[in-house]
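Scroll down for the structure; my scribbles are underneath it.
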4 protein chains.
Amino acid sequence: MTAENDKPPRRRRKDTRPAEIIEAGLIEFALNGYAGTKLTHVATRAGISKGTIYHYFPDKDALFRQAFRTRFIDSLADVEEFPSIPDGPVAPILRMALRIAYDELAQSDALGLLKIMLVEGDRFPELAKACRDDLLVKVAEPLRMLIQRGIAQGELADGAYQTIPAILFAPGVVIALTASMAENTTDGPDVFDTVLDVLMMGILKRP
Amino acid sequence: MTAENDKPPRRRRKDTRPAEIIEAGLIEFALNGYAGTKLTHVATRAGISKGTIYHYFPDKDALFRQAFRTRFIDSLADVEEFPSIPDGPVAPILRMALRIAYDELAQSDALGLLKIMLVEGDRFPELAKACRDDLLVKVAEPLRMLIQRGIAQGELADGAYQTIPAILFAPGVVIALTASMAENTTDGPDVFDTVLDVLMMGILKRP
Amino acid sequence: MTAENDKPPRRRRKDTRPAEIIEAGLIEFALNGYAGTKLTHVATRAGISKGTIYHYFPDKDALFRQAFRTRFIDSLADVEEFPSIPDGPVAPILRMALRIAYDELAQSDALGLLKIMLVEGDRFPELAKACRDDLLVKVAEPLRMLIQRGIAQGELADGAYQTIPAILFAPGVVIALTASMAENTTDGPDVFDTVLDVLMMGILKRP
Amino acid sequence: MTAENDKPPRRRRKDTRPAEIIEAGLIEFALNGYAGTKLTHVATRAGISKGTIYHYFPDKDALFRQAFRTRFIDSLADVEEFPSIPDGPVAPILRMALRIAYDELAQSDALGLLKIMLVEGDRFPELAKACRDDLLVKVAEPLRMLIQRGIAQGELADGAYQTIPAILFAPGVVIALTASMAENTTDGPDVFDTVLDVLMMGILKRP
DNA sequence: GATGAATGAGCTTTCATTCAT
DNA sequence: AATGAATGAAAGCTCATTCAT
């Protein structure tokens, strides 16, 4: 075995380092919360040494901010094309959108970050704001457009809910958040479907 | 030595101390999360010294558990009389119940504890379980009975939602949880009312 | 049940309290070492409260000193009549004396105190000195007389050992000290007998 | 800022640090016992900061175990060549061996560690066992062989003592242990010589 | 006198951060 | 640029000691 053998390839593009650290941080933060995350673990997961983190981020706080932003920008990127949607009934599209959003949230570590923001939100007000703004612009707005089209088509009921479409996500968020607390029931997915039933029923126009 | 002694008199309050410490702990935990709560701060808030906490609680963990239990037992005590409800339409009662639950959650520091359980639930599995069990027995069960009466009366739609009535709380929980993250809009209550509209619509039987 | 019933008899002769505390302290010190002994445990064992100890002893240190003295004075009280010994061979008497001393040491908590003195002797120099003096006066001196009688009778060999008769105890002390470290062999007593054999052989006059 | 920086330079000595810490710990443990040893003092003695200890040892317990093992392995390493001994009378060799063992014990801080093991042996049962095992294998066994040769040669008396040769060390151990308690008499060595006289007399075969 | 609640100095331990290499 | 040994502030916890009752 040569001397150069037992270390991973030294050459990394300098540009990928921050992203790798953020990725590792994301996982650790999501798993252990903010205070529970040790920079050593982040470093280990990223395959670097603790000190290197400080080359790219001034401190733990900054790493978290950056990671949080990155993840939320990533997650919401897919949503943007929403409005480009064919004519026809709006309800199935809406339902699917909620479903996709739920699945996304339940699987990714966005959930972990969200939990952190809930508890430590006061420490990161700009993140909370950015989070809010992004959600409003990228999620609520397209949703509102969709809903309004549904109302215009006589498909959806006309109601105050259209002013705060984001609330349609609420049940999904709670189910995702409490999933780890809930007993391991095998009908997890069905829970959300049941909720969707109620929600859709609630907004469909009555004959 | 001046007239104002710089040390407050030692008071002996064996009976009330635990409750005072729990109260102080509750506030600190709700404000700062579990890891973020320093026993010094709890002591200061309770007007005692650090060591005194250890007279009444073996460690920080135990204090949190006790505080959590105390608060949840307190909060849920009011709910118990639910089922003793007069005949007649069920929907307004349901709506009021959700409203009351929301207000309760939004105001008390139960919200802070809930946040902690979301993030650190893994560390306190028995609390998570107790929380779940209490909610199921004290909240979900009466709710289910109410709903079933509504269905029997032809008032509510027959649907899968009756099997998981707790889900009706979800929107309220999210609104409460994210309230601190949300911009301070004065129409907070209206948001929940709007949600109630949708929810009630979703479960009312269609003509 | 009357009010006076659930407490042990209140009336104690004031004079017995210190002795009771010392007794309790002795046991705890012997079991747990000096630093390892908590005054709470001493109090509990003595059936009193922590504060009461401070009525009789200024501090933990003082309690230990007093306890130590008491035990050693007690233990050595029996030894004093040693010299009043009938004429005849001295060896069996010597042997029995060593045996008795060994048994005494092995059983009582004097062993525990001795261990403490070994480790913390520097903190209690007067105790070490008192211990030494007592042993010399009460044990070594009678022993020396006995030995000299043996030599005079032509029974024991004439040797330097007569100047430091205390050394005859050494093997017993080591066996007692290490008994807790040693594997639980059932032949414990025989070990000491074997040692006695060697010792006696070593001092008996050769034909 | 003056020319003498008030902080010593950080040195990086990964290889030597553990040994230095152990050395410092050894001294402190020997001086103050286990509970009496503060890691701050160990750190100060080692010329490092408190935290650095935790780079190399998970906790105080581990440091003690490691230190203990290190010292005992060191101390007993020299003894191993024992059996390779020329023909001829065995008694002088035995006597010298006991003398060497005594000197070794009396000087090194092995004595301090031994004291700790006597008092806190219950907390470190594996150390007690390792200690016992090492002593048996490395010390008692060669000694037994030597003794048996002596008996075979008609030099030593045949007696039960040969089954527990370790007991020959007992007087030396007691003398060493109590040396700190004893008055600083300058004839310390002679005490042990006197004891050796008795011991050797006791095992030499009588004509 | 007796009590035990209350204290706080002091200990072990953790970990973000620094910096010599 | 990268490392990880070293730091030290700060946290949880212990317990001898005090003192109001």
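The chains referred to below are lettered A, B, ... by the order of the sequence lines, with proteins before strands, and numbering in each begins at 1.
Across the protein-nucleic acid pair, A:L39 atom CG and E:dT14 atom C1' stand 13 Å apart, rounded to whole Å. When rounded to the nearest whole Å, the span between NE2 of A:H55 and C1' of E:dC19 equals 10 Å. Atom CG of C:D59 is separated from atom C1' of F:dA16 by 9 Å (rounded to the nearest Å). Here the C1' atom of nucleotide F:dT7 and the CD1 atom of D:I21 are 13 Å apart, to the nearest Å. Atoms CD (B:E20) and C1' (E:dA6) sit 13 Å apart, rounded to a whole Å. Taking atom CD1 of C:I53 as the reference point, atom P of F:dA16 lies 9 Å away to the nearest angstrom.
Among the protein residues, A:T37 comes within range of the sugar-phosphate backbone only, with heavy atoms under 4.0 Å from sugar or phosphate atoms but none that close to a base.
One finds a side-chain N or O of B:R17 lying less than 4.0 angstrom from the OP1 or OP2 phosphate oxygen of E:dA6. Look at C:Y56 and you won't find any side-chain N or O under 4.0 angstrom from OP1 or OP2 of E:dG1. Contact annotation: B:K60 reaches the phosphate of F:dG12 (side-chain N/O to OP1 or OP2, under 4.0 Å). Between B:Y54 and F:dT14 there is no side-chain polar atom (N or O) within less than 4.0 angstrom of OP1 or OP2.
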Please output the side-chain donor-acceptor pairs of residues 118-126 of chain C that fall under 3.5 Å, not counting sequence neighbours, one pair per line with the distance.
unit_1: C:R123; atom_1: NH2; unit_2: C:D61; atom_2: OD1; d: 3.1
unit_1: C:E126; atom_1: OE1; unit_2: C:R65; atom_2: NH1; d: 3.1
unit_1: C:E126; atom_1: OE2; unit_2: C:R65; atom_2: NH1; d: 2.5

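Figure legend: D:K60 and D:Y34 shown as a cation-pi pair, the cationic atom lying under 6.0 angstrom from the six-membered ring centre and within 45 degrees of its axis.
With F:dC13, F:dG8, F:dA16 as the candidates, the nucleotide lying closest to the side chain of D:S49 is F:dG8. Closest contact between the side chain of D:K38 and the listed nucleotides E:dT12, E:dC15, E:dT7 involves E:dT12. When distances are taken from the side chain of C:T52 to each of E:dA2, E:dT13, F:dC13, the shortest belongs to E:dA2. Of all nucleotides listed (F:dA16, F:dA10, F:dT3), F:dA16 comes nearest to the side chain of C:K50.
Take the nearest nucleotide of DNA chain E for C:G51 and for A:P58: the residue whose nucleotide is more 5' is C:G51.
The stretch residues 46-58 of chain C participates, sequence neighbours left out, in no salt bridge (Lys or Arg N to Asp or Glu O under 4.0 Å) pair at all.
Contacts between residues 22-32 of chain C and DNA chain F, defined by a heavy-atom separation below 4.0 Å, involve no residue at all.
In this structure, the side chain to side chain contact (heavy atoms under 4.5 Å, CB included) partners of C:A130, at least two apart in sequence or on a different chain, are C:R69. In this structure, the side chain to side chain contact (heavy atoms under 4.5 Å, CB included) partners of B:T52, at least two apart in sequence or on a different chain, are B:I48, B:S49, B:Y56.
Under the 4.5 Å side-chain criterion, counting only non-hydrogen atoms from C-beta, C:D109 is not in contact with C:F29. A heavy-atom distance below 4.5 Å is found between the side chains of B:L39 and B:L63. In this structure, C:T37 and C:F64 have side chains that are not in contact, with every pair of non-hydrogen atoms separated by 4.5 Å or more.
Under the 4.0 Å criterion applied to side-chain N and carboxylate O atoms, B:R45 and B:E20 are not assigned as salt-bridge partners.
Stretches of at least 3 consecutive Watson-Crick or G-U wobble pairs, with each checked distance under 3.5 Å, appear in DNA chain F as E:2-21 with F:2-21.
Scanning both residues, C:I21 and C:A46, for their nearest heavy atoms gives CA-CB, 4.2 Å.
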